[in-house]
Structures are given as C-alpha cells and as structure tokens.
Amino acid sequence: QKEVEQNSGPLSVPEGAIASLNCTYSDRVSQSFFWYRQYSGKSPELIMSIYSNGDKEDGRFTAQLNKASQYVSLLIRDSQPSDSATYLCAARGYNQGGKLIFGQGTELSVKP
Amino acid sequence: SAVISQKPSRDICQRGTSLTIQCQVDSQVTMMFWYRQQPGQSLTLIATANQGSEATYESGFVIDKFPISRPNLTFSTLTVSNMSPEDSSIYLCSVESGEDEQYFGPGTRLTVT
C-alpha cells in the first residue's frame with residue numbers, strides 16, 4: 001500500500017454541487033494531513049491542515065479526518081468553476097524530519 | 001505565510017549543462033525543502049536543506065546530481081547537474097511555518113533539450 005493514496009479522477013461535478021475528494025493513508029505516516037490545490041501551471045497552494053479526528057471547516061471547505069479508517073477527505077460546498085484544479089493530499093512522514101508525502105492528486109472539474 | 005520567490009521561473013537548457021535554481025524567503029525559516037514535479041505527476045521530495053548542515057537527500061537523489069546550498073536562513077539553491085531530458089520538470093522549493101505547515105514557491109519550469 002502506498003503511504004498516501006488518492007483517486008486520480010477526473011472528478012466532475014456541476015456548479016453549486018458538493019465536491020468530495022478522498023485520500024487514504026497507511027501506518028507509515030503521522031497524524032498531520034494537508035490539502036493543497038494546484039491550478040494548471042501553478043505551484044501548490046495550501047487550503048487546509050487537519051490534525052484531529054473529526055471535521056474542520058473554513059469557508060466552503062471542510063476537511064474530515066477519520067483515524068480509525070485511515071482516511072482524510074475534503075468537501076467543497078457550492079462548487080464553482082474556479083475550483084477546477086488538481087487537489088493534492090499530503091501527510092507528514094513518521095520521524096522523517098518534516099517530510100511531506102503526497103498523493104498522486106485528484107483532478108476536479110466543476111461544470112457551469 | 002512566508003513569501004517565497006524562485007529564480008528563474010523557467011529555462012530551456014541543453015543536455016549536459018547545469019542550472020542553479022534560487023529560492024528566497026522573506027523571513028527566516030529553519031527548514032527548506034526541494035521538490036520535483038514531473039509532467040502529470042505529483043510532487044517528489046528531492047532533499048531537505050537546513051542551514052548550517054548538509055542537505056538530506058531522499059532515496060534516488062544524490063548530491064553529485066543535485067547539489068544544494070543553504071548559506072543562511074532565508075536562501076537556498078538547488079543545482080541540477082549534467083542535465084538530461086529526463087530532468088525536465090518543475091522544481092519547487094518550500095518552507096515550513098511555525099504552525100507545521102509547508103508553503104511552496106512559484107516553481108521553476110525546466111526543459112532540457
């Protein structure tokens with residue numbers, strides 16, 4: 001099993017819908033998780049970090065962490081065409097000096 | 001979050017040559033990281049650069065190919081040496097904030113012909 005896994009997509013949702021992006025992780029990562037958004041031709045931009053079980057909300061974004069099932073998800077409410085991007089899930093490696101381990105990314109397309 | 005700049009933003013280089021990429025941060029940071037993102041792929045960590053010590057390289061990356069300097073707490077360079085077309089990638093530096101979060105620079109798009 002890879003340390004951090006994501007469905008590569010593409011995931012297509014209509015404008016105004018909820019986009020749900022999922023990520024699973026192995027025992028080889030620690031309990032710090034991050035969601036990045038990357039527009040085509042741009043560098044990754046940090047959207048959310050989550051460290052505790054449960055939900056964390058920031059505007060239209062909600063990160064969810066379930067340690068028992070080893071998954072972390074990102075919900076985008078009221079999706080907009082401007083949310084169309086690749087979303088990268090990342091986790092911090094155990095005892096690896098701050099190293100971030102990235103999933104392969106999920107491409108999201110929001111259709112008007 | 002820190003403001004990070006990289007130079008050059010892009011370059012086209014001939015095989016066999018070397019390119020040095022600069023990363024400048026507007027505040028002092030302990031840890032800086034260099035990543036590579038090959039076309040259509042996710043990010044792969046090349047090395048961690050801490051000021052005052054040798055860079056720590058990930059499996060598959062060696063100092064002779066990717067020498068790194070970290071002369072102070074706001075600056076680092078990554079050199080891609082003896083380039084081949086397989087080195088064509090986006091190279092990104094990142095820094096870690098006090099809140100355990102990493103922020104990325106704008107990246108350097110390298111094409112090797």
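Residue numbers start from 1 in every chain, and the chains themselves are labelled A, B, ... in the order their sequence lines are given, proteins ahead of strands.
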Out of curiosity, does B/Y57 fall in the hydrophobic cluster containing B/L92 (side-chain heavy atoms, cut-off under 4.5 Å, transitive links)?
no

B/E54 atom CD: more than 12 heavy-atom contacts under 6.0 Å
no

Identify the heavy atoms of B/P106 and A/S43 that sit nearest to each other, and give their distance.
CA-OG, 3.7 Å

Find the distance between OH (B/Y35) and CG (A/L100) and round it off to the nearest 0.5 Å.
4.0 Å

Distance (rounded to the nearest 0.5 Å) between B/E101 CD and A/R92 CZ:
9.0 Å

Chain B shares the most heavy-atom pairs under 4.5 Å, among A/Q6, A/K42, A/Q104, with A/Q104

What part of B/L43 lies closer than 4.5 angstrom to a heavy atom of chain A: side chain, backbone, both or neither?
both

Does one hydrophobic cluster hold both B/W34 and B/I4, with members joined at side-chain heavy-atom distances below 4.5 Å?
no

Under a 3.5 Å distance rule, please check whether B/S42 uses its side chain to pair with a backbone N or O of A/G105 as donor and acceptor.
no

Give a yes or no on whether A/F34 and B/F33 share a hydrophobic cluster (residues Ile, Leu, Val, Met, Phe, Trp, Tyr; joining criterion: side-chain heavy atoms under 4.5 Å apart).
yes

Look up atom CD in A/Q38 and atom CD1 in B/I90, then write down how far apart they are to the nearest 0.5 Å.
6.5 Å

Whether over 12 other heavy atoms sit under 6.0 Å from A/N7 CG:
no

Is it the case that over 12 heavy atoms from other parts of the model lie below 6.0 angstrom from the NZ atom of A/K56?
yes

Under 4.5 Å to a heavy atom of chain A? For B/D100 that would be both

